[in-house]
Amino acid sequence: MTTASGVSPELASLLVHHAIDRRNAAYAAALDERRFDDWPAFFTEDGQYKVQARENFDRGLPLALIALESRGMMKDRVYGITQTIYHGPYYTRHIISPAQVLAEDNGVVHAQAHYAVFRTRPGDASEVYNVGRYIDQWVEQGGVLLLRARTCVYDSEMVLNSLIYPV
Amino acid sequence: MNAPQTLSRWPSTGSSRVPFWAYTDAQLHQRELDRIFYGPHWCYVGLEVEIPKVGDYKLSWVGARQVIMVRDRIAPKDRGIDHGIRVVENRCAHRGVRFCQSAMDGQVGNARSFVCPYHQWTYKLNGDLAGLPFKDGVKDGECANGQVHGGMPADFDLSQHGLTKLRVAVLHGLVFATFSDQAEPIEQYFGPNVMPWLDRIFQRPEGAAKLKLLGYNRQRIPGNWKLMMENIKDPYHPGLLHTWFVTFGLWRADQKSRMVMDEHGRHAVMVSRRNDGGENKAVTEGVTSFKANMTLNDMRRLDVVPEPWWTIADPSQPGQSITPTVTMITLFPSVILQQQVNSLSTRHIVPRGEGEFDFVWTHFGFEDDTPEMTQRRLRQANLFGPAGFVSADDGEVIEFSQDGFRQWTSDGKDTGATLCELGGTGTEMTEHMVTETLIRSMYAYWKKVMAV
């Protein structure tokens with residue numbers, strides 16, 4: 001994302017979009033390959049992660065399905081999904097659209113991307129699990145783009161029983 | 001195979017063995033809808049605070065029938081005696097269209113009147129039919145003598161063709177409705193044992209607490225609706241299934257607890273006071289979900305602050321007070337009211353056939369909460385709901401229960417039945433939680449209502 005001087009605005013924009021897309025691809029791979037311990041590292045130390053129903057988001061109601069306020073809380077969530085929350089295991093498959101950069105200010109890139117997550121349980125067919133958009137704030141730290149905030153606003157009006165792993 | 005003849009074969013005299021067909025028989029479920037959800041019981045439909053302005057409405061459910069909860073105008077003569085909340089069935093009296101739609105895009109539904117788009121039959125907010133096009137026919141424009149074509153019969157009476165109106169009761173800001181004329185007044189319906197626990201959450205010395213809506217979570221659980229009632233009448237499982245509860249002492253067998261119910265055994269309150277958690281070999285030894293060394297990386301998740309209203313005069317020990325940290329209230333048949341430390345919610349059960357139900361969580365706080373208290377309630381909400389550290393596994397276990405019931409066989413040895421005999425086979429109230437008495441009590445009532 002380091003913008004080289006002398007780069008045309010069009011090329012600079014392309015580089016930012018491409019950098020975010022690469023991070024989203026890595027994010028999806030970590031989750032879908034079930035490397036959950038890698039997941040908090042996509043965020044800054046005080047990163048915010050929310051999964052929130054669209055009806056709450058649109059009405060300004062603050063309740064979220066999952067609301068994590070630090071990497072520490074994300075690690076606690078990972079401990080929960082791997083050690084304490086009893087659940088039928090499942091594979092996920094994330095399909096993430098190209099990112100759309102909305103604004104850049106003071107080193108924060110505001111972007112969004114659409115996502116669909118499919119669920120496949122052992123012995124069962126794949127099903128559409130959770131569909132929505134990521135509303136993100138990306139910052140660069142140590143040469144890497146990290147999420148300062150990711151809100152997953154999902155359209156799906158019903159969670160198919162439970163939602164265990166991050167989306 | 002799940003034929004009605006099975007209905008008469010409840011396998012034993014008591015209610016401590018529940019046959020699997022009670023969860024899997026479609027015809028039996030239709031009888032449940034008729035006798036329970038549409039019978040003389042009050043069903044939860046929502047919170048008054050969800051529809052603050054005149055004309056505001058939301059769609060909800062009583063059993064499998066969709067209803068509209070709406071705030072109507074109050075006639076000046078009825079001020080002080082009419083709460084203004086109406087509940088009508090979402091089904092046009094003309095051709096049966098379920099015409100009213102949910103608001104979208106961040107709006108609360110609001111209507112001046114309800115109009116079915118098919119033939120524009122128009123209803124007042126209270127469900128009365130206000131009018132319909134061509135009721136008196138259409139004049140023939142070609143014809144000099146003004147002949148009228150069509151129209152409804154001369155004796156067509158608007159007052160006989162309104163929407164189905166339900167009886168409505170508003171208790172502490174919770175809205176209940178019933179299709180039945182027979183349901184007793186709401187305080188009587190919940191009864192004197194349960195009412196103090198409802199009062200505790202919502203009544204303040206200065207009057208009724210005003211609620212603040214925090215939002216919704218919705219999940220579709222592939223299990224019979226009664227399994228969710230059982231889950232919240234079952235104090236046995238939380239300290240075993242839920243690591244968070246046993247490890248952090250939010251709910252476990254060594255806590256001071258009380259199992260309360262109404263005289264019919266249909267409603268219940270699990271009352272308990274948390275302890276400090278940690279190791280107590282009597283309840284943690286051999287419990288694989290207990291994690292002695294588990295700590296949180298971010299302790300803000302368990303930032304619990306006691307609230308003044310937690311302490312009340314003990315309803316069953318005159319002269320003493322009681323300060324529970326958790327009350328789980330099951331109001332038969334359709335709602336669970338949760339206070340678990342600072343987290344408050346209603347959980348609405350909407351059955352979808354015998355093998356599935358929707359479970360709608362409405363989290364709330366109080367209007368006078370500080371921003372810190374609101375944040376605390378929201379943080380603790382992460383323990384509950386479809387993704388909750390605690391509640392997600394309840395939904396999962398219910399699904400697997402239903403899967404097991406579908407494999408039922410009637411072998412005459414009760415292996416086609418669940419067994420709930422912790423604490424015996426009786427249906428009494430207890431001062432501890434090592435019991436399944438509340439489940440047995442609900443089924444004793446259910447058996448009677450269902451005549452099985």
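All values derive from a computational prediction rather than experimental measurement. Naming convention: chains lettered A, B, ... in sequence-line order (proteins, then strands); numbering from 1 in each chain.
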(message) For the interface with chain A, which of B:Asp358, B:Thr247, B:Val108 has the highest count of heavy-atom pairs at distances below 4.5 Å?
(response) B:Asp358
(request) Starting at CG of B:Leu213, measure out to CG of A:Leu63 and round the result to the nearest 0.5 Å. (result) 9.0 Å
(message) Please classify the contact between A:Glu157 and chain B as side chain, backbone, both or neither, with a heavy-atom cut-off of under 4.5 Å.
(response) both
(message) Please identify, among A:Glu69, A:Lys75, A:Met74, the residue contributing the most non-hydrogen atom pairs under 4.5 Å to chain B.
(response) A:Glu69
(message) If you define the side chain from C-beta out and look only at heavy atoms, does anything of B:Asn217 sit under 4.5 Å from A:Val159?
(response) no
(message) Please classify the contact of B:Leu296 with chain A as side chain, backbone, both or neither, using a heavy-atom distance under 4.5 Å.
(response) both
(request) May I ask you to decide if A:Met73's main-chain N or O and B:Asn297's side chain share a donor-acceptor pair within less than 3.5 Å? (result) no
(request) Would you mind reporting whether B:Arg300 and A:Ser70 have side-chain heavy atoms less than 4.5 Å apart? (result) yes
(message) Side chains of B:Asp105 and A:Arg54, heavy atoms from C-beta outward: is any pair under 4.5 Å?
(response) yes
(request) Salt-bridge test for A:Arg121 and B:Glu399: reply yes if a basic N is under 4.0 Å from a carboxylate O, no otherwise. (result) yes
(message) Taking side chain as everything from C-beta outward and backbone as N, CA, C, O, which of these in A:Ile81 sits under 4.5 Å from a heavy atom of chain B? Side chain, backbone, both or neither.
(response) neither
(message) Do A:Leu163 and B:Pro386 have side chains that approach each other closer than 4.5 Å (heavy atoms only, starting at C-beta)?
(response) no
(message) Within this structure, what is the CG-OG1 distance for the pair B:Asp393 and A:Thr84, rounded to the nearest 0.5 Å?
(response) 7.5 Å
(request) May I ask you to decide if B:Gly215's main-chain N or O and A:Asn56's side chain share a donor-acceptor pair within less than 3.5 Å? (result) no
(request) Could you tell me which of A:His87, A:Arg71, A:Gln52, A:Arg59 has the largest number of non-hydrogen atom pairs under 4.5 Å with chain B? (result) A:Arg59
(message) Shorter than 4.5 Å, heavy atoms on both sides: which option in A:Phe57, A:Tyr86, A:Tyr165 has the most such pairs with chain B?
(response) A:Tyr86
(message) At a 4.5 Å cut-off on heavy atoms, which part of A:Leu160 comes close to chain B: side chain, backbone, both, or neither?
(response) backbone
(message) Using modelled atom types and a 3.5 Å cut-off, is there a donor and acceptor pairing between side-chain atoms of A:Asn161 and backbone atoms of B:Ile221?
(response) no
(message) Can you see whether B:Phe389 has A:Arg77 sitting over its ring - NZ or CZ less than 6.0 Å from the centre and within 45° of the normal?
(response) yes
(message) Within the 4.5 Å heavy-atom criterion, are A:Met158 and B:Gln219 side-chain neighbours or not?
(response) no
(request) Can you tell which part of B:Ser391 gets under 4.5 Å to a heavy atom of chain A, answering side chain, backbone, both or neither? (result) neither
